[in-house]
Amino acid sequence: MALYANIIIDISHEKLDRLFQYRVPEELKPVLKIGMQVLVPFGSGGRKLCGYVIELTDQAEYDVRKIKEITEICKDSVAIESQLIALAFWMKKNYGGTMNQALKTVIPIKQKTAAKEKRILVLAADEKTAEEQLAEFRRKHNVARARLLEALIRERELSGDVVKEELNVGLNVVRAMEKLGILKIRTEQDYRNPVRQREREERKFLLSESQQAAVDAVLRDRREQRQGIYLLHGVTGSGKTEVYMELIAHNIAEGKQAIVLIPEIALTYQTVRRFYDRFGNRVSILNSRLSAGERYDQFLRAKRGEIDIMIGPRSALFTPFSNLGLIIIDEEHESSYKSETVPRYHARETAIERAGMTGASVILGSATPSIESYTKAQNGEYHLLEMKERISKRPLPTCYTVDLREELKTGNRSILSRKLQELMEERLAKQEQIMLFLNRRGMSGFVSCRSCGHVIKCPHCDVSLSWHSNGKMICHYCGYEEPEAHVCPECGSRYISGFKAGTQKIEMLVKKRFPKARVLRMDFDTTRKKESYEKILSAFANHEADILVGTQMIVKGHDFPNVTLVGVLAADLSLGVSDYRASERTFQLLTQAAGRAGRGDRPGEVVIQTYQPEHYSIVAAAAQDYASFYAHEMEYRRMLCYPPVWNMLLILSAAKNEELAYQASERMKRVIAALGYQNLFVVGPADTAVAKVNDIYKKVLYLKHADYAVLVDVKDRLEHFINGNRELKNIVVQFDFNPMNGF
Ligand SMILES: Nc1ncnc2c1ncn2[C@@H]1O[C@H](COP(=O)(O)OP(=O)(O)OP(=O)(O)O)[C@@H](O)[C@H]1O
Ligand SMILES: [Zn+2]
Ligand SMILES: [Zn+2]
């Protein structure tokens, strides 16, 4: 049978869609693979160009007599692009979507914008002359010139941006001073290094015993050419970052590069600084605030070998390092490692795939590993490395659980329990700092009782029902619904509703209760402006405030040694969301929040306020006992066939017309049934959490099967079915394997 290769000649954003088809000659059939670089005839005139194989198919796209043949596989077919294209193909295969979507995710796409030219002003006069000039400018009231010269004397060099934006000095003034010979202008290609330049503070700790043991285990394997996958399970404050840095240093010594993934929210100045202090300018970062051009520049620097370490959120995984030796995923349990757009890849699985292509090691680090990863560590798929103690044998914090139902009974309706108020007062007197944490996730509209703590759940799925504004409570897993409750079905109380207090209200209440305390708030509202996130964190770190009130974003990996008290205001908030991972997330959040207390010389205390003090995720978090949480959670996953015991696939169909979306789901369901798989559970079509957005209706099918490969096959068949059915063209179909956030 004839085999054809679809080939891309130019990897740039606009041309990614332009594929050219060539015939694969007989002798290349057994060896040609996706991603390989090949030489092909192009145009008339006998010109030959290099291209990359994107797809292999037996379908000729046009007249077979006109299809030319691939000339040869390029000798040096190991270009980094080849590897990334192969990775894109793997992603398309495993997560669904088109090859084009996968390529756009993976390839550092060229943009038309060239690297910026940066103008740097350098002081050209000697100090004495400069001072005299300055005096003269002042005498003549040349304020702009004086301002510029004063800054130049102080800094010696100034970037054009600073002069324009911060000093507010125009180009004519700069030119005039250049003429006077006071300054020189130098231009540089600006690769827009996003790491703020500053003095390096070289710091290197003597590793603790358990840190050293973790490092040694990885290095031993590498010496024996075994590139493993490691789960570094280290309690909060055990010093995981130091382990990463030590491994990176060895990796660089071997001439290899490293990628460090960090959840965006934890990618702060503080974290970047620790890496910068150790590795200087060989580090770069990616974050969502960089423009497309700036991101491209960072990839270019990596490709040219100007840096050895890239730190960033999940997209940093595609940094085109040609000799990648190490991928680190910090806080590996974080849901932000799962992409929310097609292809809906998981950075952990994709990192392991990429590492496999180059023989790199993968380190997954967390104080609260995901149930998936811990299971793999138990099965021996990952090597488990444990650090059970904090640095310098500092104790883990002492946790108190407060039953909010009891507080209500004693007449305390405040959001602050008596225990928490008492401890806060004590800390304020001692000038130690406090963090108050409200674990509220997006739109979690679940319904619970304030008197007895009861949460209304789906009778079929054991996840909580979501409250919809149409007065119904709906299960997002199976579509079950019932009318909104007005009295608690457990105790008859009328205190049944969603939890309403937000961080702003809490800030107000805290200020009222502790009028002398300085309070900072960090949440979505206060961090919208660029840099405000950093500002709040550094103000708190400098003890410009006594209390920090905030959401999830205050708990992620921060290291504030003066914090000795953490209050979790309503632990149940993250428990009530309609998601089988709710307990896992709650345990992780509480453990991480508790882990912020007592990181310095003084021990910490934690108050967990809850309506469900007996819930296993809360009991285990209060005891900081991962093992018991894991055992309990796995029992639940096994019983209900949830991942990682089984695998799940969500299939979304979205359309402007509700009936169309529904019908598409129904048709897919019939196609799935016809495949005849045993023990494949299909539920739906059901509404998604927000069933209608911008007049687009969304329906979803929930599939469960023990074998991931079966679900991939279902996806393949459905993609084929959709491509062959014109009338489905107006429907958007998306796949989500083992969802983290759902649709
Ligand atoms: N070997 C060491 N000797 C002394 N101090 C250390 C050592 N290693 C790390 N530290 C310090 O201990 C503190 C905790 O380390 P780090 O932030 O890496 O912990 P972690 O394991 O990442 O914790 P978390 O999971 O809570 O973020 C930091 O202030 C760090 O500088
Ligand atoms: Zn009740
Ligand atoms: Zn249900």
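What's counted below: heavy atoms across the whole structure, side chains too, no hydrogens, waters or symmetry copies. We count ligands from 1, going down the list as the structure has it; atoms in each ligand are counted the same way.
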Exercise for the section: Test ring-ring contact (aromatic ring centres under 6.0 Å, His included) on Phe318 and Tyr345 and set out the steps. Expected result: CA-CA 12 Å; Phe318 308 116; Tyr345 67 97; 5.5 Å; yes
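- A distance of 6.0 Å or more separates the ring centres of Tyr244 and Phe275.
- Interface of Thr241 with ligand 1, defined as ligand atoms under 4.0 Å from a residue heavy atom, comprises 18 (O), 22 (O).
- Here the closest non-hydrogen pair linking Leu286 and Phe299 is CD1-CE2, 3.8 Å.
- Short contacts between ligand 1 and Leu207, defined as distances under 4.0 Å to a heavy atom of the residue, involve ligand atoms 1 (N).
- At a 4.0 Å heavy-atom cut-off, ligand 1 does not touch His558 at all.
- For ligand 1 and Asp559, the ligand atoms under 4.0 Å from any heavy atom of the residue are 13 (C), 28 (C), 29 (O).
- A salt bridge does not link Glu254 to Arg223: none of the charged side-chain nitrogens sits closer than 4.0 Å to a carboxylate oxygen.
- Close contacts of ligand 1 with Ser208, meaning ligand atoms under 4.0 Å from a residue heavy atom, involve 1 (N).
- Atoms of ligand 1 found under 4.0 Å from any heavy atom of Glu242 (numbered from 1 in listed order, with element): 8 (N).
- Of all the heavy atoms in Ile307 and Gln298, the pair that sits closest is CD1-O, 4.1 Å.
- Close approach of ligand 1 to Arg596 is summarised as follows: ligand atoms under 4.0 Å from at least one heavy atom of the residue are 24 (P), 26 (O), 27 (O).
- Shown here for Glu633 and Ile371, the closest heavy-atom pair between the two residues is CG-CD1, 3.7 Å.
- Taking distance alone, with nitrogen or oxygen atoms compared against 3.5 Å, Ser392 stays at or beyond that limit from ligand 1.
- Using 4.0 Å as the threshold, Arg274 has a heavy atom nearer than that to some atom of ligand 1.
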